[in-house]
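Every number for a ligand or one of its atoms is a count from 1 in the order of the listing.
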Amino acid sequence: MTAQLIDGNALSQKLRLDVATRTTALKARGVTPGLAVVLVGDSPASAVYVRNKVKACADAGLHSVLEKYDADLTEAALLARVEALNNDPAIHGILVQLPLPAHINAQKVIEAISPAKDVDGFHIASAGALMTGATGFLPCTPYGCMQMLDSIGFDLRGKHAVVIGRSNIVGKPMAMLLLQKNATVTICHSATANLKAMTLQADVIVAAVGKRNVLTADMVKPGAVVIDVGMNRDDAGKLCGDVDFAGVQTVASHITPVPGGVGPMTITMLLVNTLEAAERAAA
Ligand code: GUN
């Protein structure tokens, strides 16, 4: 079997077209969705990520501002900027790029963002909303993974989903979203005794660890769907995921590539959340 690719670029293009259409409709009512992206420090990787986010906003017709600060910005100054953005009517979504410098308490900064503008879905109010089924914002990466499963018409009801990784940003919210769709969910992590025994039972596997070759062909049930959230470099410096793509694609029914899989979907769902925030503010 050779797995079918779930193409994150193609799906993103389709969803971003819808964002652009809804943005045009909102603009006709006098509201331009606006995203503020805050970057502290000079990490080259973070600089690339935020540039891509701001460019995606412009391409879809959203307003965006990029605020860049030196690595020695104080926590108090950053909190003051967040408060100003909370009160700025032109801004509907606020994203503070992580990681922040060590002297800044990232969780404190995230909790300072108004839940109504928490388009990253990292605020405790958003996490609580996801846990209880209330309205909030979904973290962009797991939200994008769910869209990818939806795009192949995969019905999760009664299926066994295995999530590898338990981060607050991906693993835990991913498990909640799969549960919401009536999957039976197992969360595996670094202390899981026998990962292969778990993944071999899975109809869907989401790998979100940040380590190469966490999932190999011998660990996958024939016909399973595999979503690769990882962003790593191989020995040749080439971008790769957490999944041994060459091996697993011979066993899985569907698989997301890296690059061109979950990555573009994360940015797309940020646009969706920002538009949604603006639509809610305008309602
Ligand atoms: N750093 C890496 N990914 C993300 C993300 O999705 N949001 C934020 N705020 N920081 C990140």
Above 12 or not: heavy atoms from other molecules or residues under 6.0 Å from CD of Gln13? no

What protein heavy atom sits nearest atom 11 (C) of ligand 1, and how far off is it? Gln97 NE2, 3.4 Å

Could you tell me, atom by atom, which parts of ligand 1 come under 4.0 Å of a heavy atom of Leu95? 9 (N)

With Met265, the side chain to side chain contact (heavy atoms under 4.5 Å, CB included) member among Thr256, Thr141, Ile6, Leu15: Leu15

Student check: side-chain heavy atoms of Val262 and Cys145 closer than 4.5 Å: yes

Could you name the option among Thr141, Ile169, Ile110, Leu98 that has the heavy atom nearest to atom 1 (N) of ligand 1? Leu98

Val96 heavy atoms within 4.0 Å reach ligand 1 at atoms 8 (C), 9 (N)

Looking at side-chain heavy atoms only, is the closest gap between Val225 and Phe154 below 4.5 Å? yes

CD1 (Ile152) with more than 12 external heavy atoms under 6.0 Å: yes

When you look for heavy atoms under 4.0 Å from ligand 1, do you find them on the side chain of Tyr49, its backbone, both, or neither? neither

Ignoring hydrogens and angles, tell me if any N or O in the side chain of His63 forms a donor-acceptor pair with the backbone of Pro33 under 3.5 Å. no

Whether Lys53 lies under 4.0 Å from ligand 1, heavy atom: yes

Kindly confirm or rule out an N or O of Asp120 lying under 3.5 angstrom from an N or O of ligand 1. yes

